[in-house]
Amino acid sequence: MSLIRAFIALEIPPVLQNIIAQHSAILQKEAPHIVRWVAPVNIHLTLKFLGETSAASLQELVHALAAVTAQQPPFSISVGGFGVFPNPKRPRVLWIGIQAPPELGHLSHAIETACARLGYPAEEKPFNPHLTLGRVREDADQTRLRPALQNYQIGQLGAINVESVTLFRSDLRPQGPSYTALAHIPLAKLDP
Ligand code: 3AM
């Protein structure tokens with residue numbers, strides 16, 4: 001049986017992808033080979049990483065997700081700010097921040113619960129929403145990276161109007177991952 005590497009995420013509007021691409025390009029000049037940069041078209045807000053799963057399980061999951069998202073009216077998230085995980089002394093992940101209303105936490109929790117019911121392993125770390133810009137290479141010379149990052153600032157970039165959740169397929173290739181939307185699962189319709 002062939003397995004599909006999959007995850008659940010919120011998509012970023014193209015206008016925001018373009019703005020993020022400009023920041024990513026500036027940072028890439030500072031640290032080109034130290035970081036594996038996420039292609040701006042691939043930037044998304046991950047809600048749940050599912051790992052390798054069968055097509056049949058994914059179909060079941062889409063049904064379960066539809067029941068969850070039908071309970072959640074659309075909401076808006078602000079995007080802005082720049083930071084690193086786990087800490088500035090030893091950055092591993094470079095990210096753009098988000099400022100979200102409680103609805104995002106509720107949605108994440110409800111998706112996590114639905115996934116757990118279907119047997120997907122629970123997330124060990126608390127939900128910490130962010131947009132990953134790049135991942136520092138294991139063998140990176142951190143002394144070159146730190147000065148480039150410590151003064152870099154990103155202000156408010158715009159908003160994501162969340163109207164659906166996307167199930168993505170991820171294909172890992174030597175030149176970088178390729179993400180394909182398998183299903184768009186709409187949030188509740190607002191009353192007209
Ligand atoms: O967009 P971010 O970086 O938050 O880090 C991966 C990415 O999240 C994460 O799934 C998203 C799409 O690839 N991911 C990849 N492998 C993972 C794993 N084994 C993982 N998350 C948890 N466990």
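Just so you know, ligand 1 is whichever comes first in the structure, and atom 1 is the first atom listed for that ligand.
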**OP:** Return yes if a side-chain donor-acceptor contact under 3.5 Å exists between Ser57 and Tyr120, otherwise no.
**Re:** no

**OP:** Could you tell me which atoms of ligand 1, counted from 1 in the order shown, lie closer than 4.0 angstrom to a heavy atom of Thr132?
**Re:** 1 (O), 2 (P), 3 (O), 4 (O)

**OP:** For Asn42 and Pro177, indicate whether the former's side chain and the latter's backbone hold a donor-acceptor pair under 3.5 Å.
**Re:** yes

**OP:** Among all protein heavy atoms, pick the one closest to atom 11 (C) of ligand 1 and tell me residue, atom and distance.
**Re:** Thr46 OG1, 3.5 Å

Subject >> Ring centroid separation Phe82 to Trp95 under 6.0 Å >> reply: no

Original post:
Considering only the protein, which heavy-atom contact is closest to atom 22 (C) of ligand 1, and what is its distance?
Top reply: Phe49 CD2, 3.6 Å

Original post:
So is Tyr179 close enough to ligand 1, meaning a heavy atom under 4.0 angstrom away?
Top reply: yes

Original post:
In terms of residue, atom name and distance, what is the protein heavy atom nearest to atom 4 (O) of ligand 1?
Top reply: His130 NE2, 3.1 Å

**OP:** Please report which non-hydrogen protein atom sits nearest to atom 7 (C) of ligand 1, along with the residue it belongs to and the distance in Å to one decimal place.
**Re:** Arg135 NH2, 3.6 Å

Original post:
Charged N to carboxylate O under 4.0 angstrom, Arg169 versus Asp171?
Top reply: yes

Subject >> Under 3.5 Å: donor-acceptor pair, side chain of Thr166, backbone of His184 >> reply: no

Original post:
When only distance counts, is Arg5 in polar contact with ligand 1, meaning an N/O pair under 3.5 Å?
Top reply: yes

**OP:** Please check if atom CD in Gln150 has more than 12 non-hydrogen atoms from other residues, nucleotides or ligands closer than 6.0 Å.
**Re:** yes

